[in-house]
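By convention in this document, chain letters (A, B, ...) are assigned in the order of the sequence lines, proteins followed by strands, and residues within each chain are numbered from 1.
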Amino acid sequence: MSEISKAYNPSEVEDKWYAKWVESGCFKGVIDRSKQAYSIVIPPPNVTGVLTMGHVLNNTIQDILIRRARQSGKCAVWIPGTDHAGVATQTKVEAELRKQGLSARALGREKFIQIAKKWRDKHGGIIIEQLKKLGASCDWDRLVYTLDDDYSKAVLAAFVKLFKAGYIYRGKRMVNWCPVNLTALSDEEVIMKPMKSKLYKMRYEIAGEPGRFLEISTTRPETIMGDTAVAVNPDDARYAEFVGKFAVRPFPRAEIPIIADKYVDMKFGTGVLKITPAHDAADFEIGCRHNLPVVDVMNPDATMNELAGEEFCGLDRYAARELAVKKLDEMGLLVAVEDYENNVGYSERGDVPIEPRLSDQWFMRYPKVSEAKAAVESGAIKFWPARWEKVYAHWLDNIRDWCISRQIWWGHRIPVWYRKGVENPDINNPEEVYVGVEPPPDAENWNQDEDSLDTWASSWIWPFATMGWPDADRQKELGTDFFYPTSDLVTGPDIIFFWVARMIMAGLEFMPGQMSARIPFKNVYFTGIIRDMQGRKMSKSLGNSPDPLEIIAKYGADGLRFGVMSCAPQGQDILFSEERVELGRNFCNKLWNACRFRRMAGGGADNSSLEKILARLDTSKLDADDHGILSSLLKCAEHIGRDYESYQFNSITQRLYSFFWNDFCGWYLEVSKARMEDASARETVLAVQDICLRQILLLAHPFVPFITEELWHAMGYGGEGCFIQNVSPEFAEAFDAAGLYVDESAAADVELLKDFATKARALKAQFDMGSRRDAQFCLQPADAGKAELLRANVEKLKKLVGASGFSISESGLDAPVSITSLGSLFIDLSSGVDAGAELLRLQKERDKLESAVKSTKARLSNGDFVSKAPEKVVEGARRQLEDLLAKLAEIDSLMGRLSK
RNA sequence: GGGCGAUUAGCUCAGUUGGUUAGAGCGUCUGUUUUACACACAGAAAGUCACAGGUUCGAGUCCUGUAUCGCCCACCA
């Protein structure tokens, strides 16, 4: 007995069990066609990343789902992996190189990739070990990295297939250019930030009409040098006379046409727009419509080039802006400068404003767009919470081609080769351009495209590429036909476009069969975002992001898991604080001690199966409390089952907590104490305790896997070598088979006894006897049944309340009283009672009753209520009124007695 | 400009199809080494359910509007 410590110590237990689980291979997704398949693919974290609270939330949910699936007898697999994270990793490695005074570009592609690989080897895989600490039960034999050979081939195969099908093309387009990372970005990687900037109002002179000007507003005077037109709305009468004439661009001085285009908003500013086709996406389109020349005045790093003129050449774009304004002012062309707030697109990784830039890039016209929409609309794929369906549909409705090329080296190089010596190779001519997963056989005659693919253009095939696609043998080996489509995807709504939507399109495009067989997953659970208590996003720079590993060291992984899940309502953001983890730690400690208590009672009972425990029960010895706790257990399990179906994880933690803490420990274990001294009831009580503890461990296991595994074995519930994760939490059928029927009316009596005990304790506390164990009570019973209920439970109640006795009297006492579920309960005070204070207290209670009576009476005297409300509700109200009136009468008589 | 979410006790949140006197955890206050657990036990205080209308016999719950906060989408310079 003494070897069981008073407090649960998670660290040894957790490491011990994780090692055993892995060793036994119980996380392996070994195909068993006699079972139902259940599969999850992990959202692959960055290979060089470290565990954040976001990962904790996300992966705990996945682990809960996969463990519940295993318990439910499904053949479950959770496929883990990591992502090479192209731009993000390249940026980090480049920064590292810069510290050493080196430059990636100078090193060249081969060298850089070697260095990046070393960096990956050094920092990579840490997060995998951290996920293990958290308890994640992934099938580690299936670990996939997006730059693995097999996976890379799949990425290229997807590219080649789409190219051949005409979805992928190369073209000179306006793209979002990051001047820091020197690469194009997709629209999704641009983050709009509201900025306080200036709106410059300036004027351009009309050519040949000295003294006549057009006033123009701009936020970007540094692009004046690239202006090739001035535009007005064709319906704008103010400017009709100027259309067809020319305006004078101040520097470099040139005459540019004044054109009319519907795009121009007459109501904005002066209604005149300068057109810079090379530096603005809208201007570019207008330029196309009017055949305007495109003058690019910037270098890739957003400094000005020679076309901007001598004075500007080499200046950064913001220095150029200042200079341009200064020059305008000097030339008398600056009319006004106003404060102005507008949205500026920022590069996600570079954290600088992106520059719209015309460049040659690869684009993808998305495949299966309308089917992707239909898949979610039809319910083939369900979103939790469903409101994300609208967001998803809206994006698909407005979808634009995807820029998939990146001017970086860390990633999958575009599998396109150009024949050496051919200028402007024709992409549709196989003699000049080669597209294939493998390089051309005569590689020496070809140059491969320098660009790499957007990372998301590799992870979008994740659900089936991790199962061996497109290699038929690998697919067979890894069980694509069994595990695909995956069951649940757990991810954040921030990547609904980046990843979720694209995976759906990829699955529909590349997998065979009916729609239901091609979709990548059946359910998508969107988590909230973890924030701090001030509601701020967790970030390294704010320093408000706790290190999950420190928390695990302090509270245990189970405590962290339970704590996080307890405050993670479906789809709402989570305000996280360590107090939540304390709650989880306390829950584990309580589990530990409840089991410790049971073990201290000993008994050498056979716990090796639910049937064996049930066999120890003498059903004739079951009392109201046994029925009560078993009834609560049944309801708890049933509710939890429903909560799983609707992904209400926080609700499950509440049910576990409240059943285990309040019903089981707070009441049942306490009333057990008296009955355990009664030899005839002892065995049955211990058996009921074992049933409850066993089922609690099973129900709690997905949330707190380590401690439940430990206790499962310590309590002898598992047979030799049997892990708790393989045991079904169902028990209703076993009850039936054992002839155990829960008597709900007996269970209802427990509620009366609980109320009675609380009132009795409150009376004691009120009269400063809270710590005394010898209080004497007297009940004036509401009826004979209530008197009998008290008599049957008097021993338990003495222990629970801390009383030396409960007498029963039809006439009551002249003493402080409380109206309980069993009748008027008097506390016998040897010293006199302060009648005044007592009257005051009763008056307070009377007021409460009176207002309840009033509202109930009002309802019942309302003819509409009686005639329209359901019979059940009306009947309930009647019973309630009777009850209230009886209590009121009691109070009145007591008050009458006291005031004598 | 469009869309979505939130608003319930000091704090963080439950409240499932409308139905007794709105709940929990933390925190606060009081008491307790009662034969598992002070990471505990017992008791207590604490809410005009953001606001204004409406539907209904009945609204925290449904409808309309308003306010505040947050998020997403959007090529007005």
Q. Do the numbers put K673(A) on top of the ring of F597(A), so that NZ or CZ is under 6.0 Å from the six-membered ring centre and no more than 45° off the axis?
A. yes
Q.
Looking at every heavy atom in both T270(A) and Y239(A), which two are closest together, and how far apart are they?
A. O-OH, 2.6 Å
Q. Rounding to a whole Å, what distance do you find between L800(A):CG and U35(B):P?
A. 14 Å
Q: Please state how far atom CG in N586(A) lies from atom P in C39(B), giving the value in whole angstrom units.
A: 8 Å
Q: Check every strand shown and say whether T758(A) touches a base, only sugar-phosphate, or nothing at a heavy-atom separation below 4.0 Å.
A: sugar-phosphate
(Q) Can you check the distance between G53(B) and A40(B), where both ends of the measurement are the P atom (answer in whole Å)? (A) 46 Å
Q: Would you classify K764(A) as touching base, sugar-phosphate or nothing, given that sugar-phosphate means primed atoms plus P, OP1 and OP2, and contacts are heavy atoms under 4.0 Å?
A: nothing
**Q.** Atom C1', compared across U7(B) and A50(B): separation rounded to whole Å
**A.** 6 Å
Q: Report the stems of RNA chain B as range-with-range entries sorted by first number; a stem here is at least three consecutive pairs, Watson-Crick or G-U wobble, both distances under 3.5 Å, and write none if there are none.
A: B:1-7 with B:67-73, B:10-13 with B:23-26, B:28-32 with B:40-44, B:50-54 with B:62-66
Q: Establish whether the base of C37(B) is bridged to the side chain of K590(A) by a donor-acceptor pair shorter than 3.5 Å.
A: yes
Q. Roughly how many Å is it from CD in E670(A) to P in C41(B), rounded to a whole number?
A. 9 Å
Q.
Without decimals, in angstroms, what is the distance between K390(A) NZ and C71(B) P?
A. 20 Å
Q. Is there a donor on the side chain of Y263(A) or the base of C76(B) sitting less than 3.5 Å from an acceptor on the other?
A. no
Q: For U64(B) versus U12(B), give the span between their C1' atoms, rounded off to a whole number of Å.
A: 31 Å
Q) What are the two closest heavy atoms between P194(A) and N343(A), and how far apart are they? A) CA-OD1, 3.4 Å
Q: Please work out if N398(A) contacts a base, only the sugar-phosphate, or nothing of the nucleic acid, heavy-atom cut-off 4.0 Å.
A: nothing
Q: Let me know the distance between CD1 of I574(A) and P of U12(B), rounded to the nearest Å.
A: 15 Å
Q. Separation of M192(A) atom CE from C75(B) atom P, in whole Å?
A. 8 Å
Q.
Base, sugar-phosphate or nothing for L583(A)? Non-hydrogen atoms, less than 4.0 Å.
A. sugar-phosphate
Q. Base, sugar-phosphate, or nothing: which does F497(A) touch, judged by heavy atoms less than 4.0 Å apart?
A. sugar-phosphate
(Q) From CD of E338(A) over to P of A77(B), roughly how many Å is that when rounded to an integer? (A) 13 Å
Q: Decide yes or no, distance alone: a donor-acceptor N/O pair under 3.5 angstrom between the base of C39(B) and the side-chain of R585(A).
A: yes
Q: Starting at atom CG of L881(A), determine the distance to atom P of G58(B), rounded to an integer number of angstrom.
A: 19 Å
Q) Across the strands shown, which category fits F664(A) at heavy-atom distances under 4.0 angstrom: base, sugar-phosphate, nothing? A) nothing
Q) Within the structure shown, what part of the strands sits under 4.0 Å from C588(A) by heavy-atom distance: base, sugar-phosphate, or nothing? A) nothing
Q: Among C76(B), A77(B), G43(B), find the nucleotide with the atom closest to the side chain of Y340(A).
A: A77(B)
(Q) Under 4.0 Å, heavy atoms only, any strand: does A282(A) hit a base, just the sugar-phosphate, or nothing? (A) base
(Q) Looking at every heavy atom in both C665(A) and L669(A), which two are closest together, and how far apart are they? (A) O-CB, 3.8 Å
Q: Take S186(A) and E189(A) through the test side chain to side chain donor-acceptor pair (under 3.5 Å) and record every step on the way to the result.
A: CA-CA 5 Å; S186(A) 64; E189(A) 285 160 290; 2.7 Å; yes
Q) Side chain of K673(A), base of U34(B): donor and acceptor closer than 3.5 Å? A) no
Q) Rounding to the closest angstrom, what is the interatomic distance between C62(B) and A46(B) at atom C1'? A) 30 Å
Q.
Quick check: on RNA chain B, is the nucleotide nearest E579(A) upstream (toward 5') of the one nearest A757(A), or the reverse? Name the residue that is more 5'.
A. E579(A)
Q. Between M715(A) and L693(A), which heavy-atom pair has the shortest distance, and what is it?
A. CE-CD1, 4.0 Å
(Q) Assuming nearest nucleotide by heavy-atom distance, tell me which of W388(A) and D187(A) is located more 5' along RNA chain B. (A) W388(A)
Q: Classify the nucleic acid contact of A762(A) as base, sugar-phosphate or nothing, counting any heavy atom under 4.0 Å across all strands shown.
A: sugar-phosphate
Q. To the side chain of Y657(A), which of A14(B), C73(B), G25(B) is closest?
A. G25(B)
Q. Of the nucleotides C39(B), A77(B), A36(B), which one has an atom closest to the side chain of M600(A)?
A. A36(B)
Q.
Would you measure the distance from the C1' atom in C49(B) across to the matching atom in G23(B) and give it in whole Å?
A. 12 Å
Q) Under 4.0 angstrom, heavy atoms only, what part of the nucleic acid is R580(A) near: base, sugar-phosphate, or nothing? A) base
Q: Kindly say if R387(A) contacts the phosphate of C4(B), meaning a side-chain N or O under 4.0 Å from OP1 or OP2.
A: no
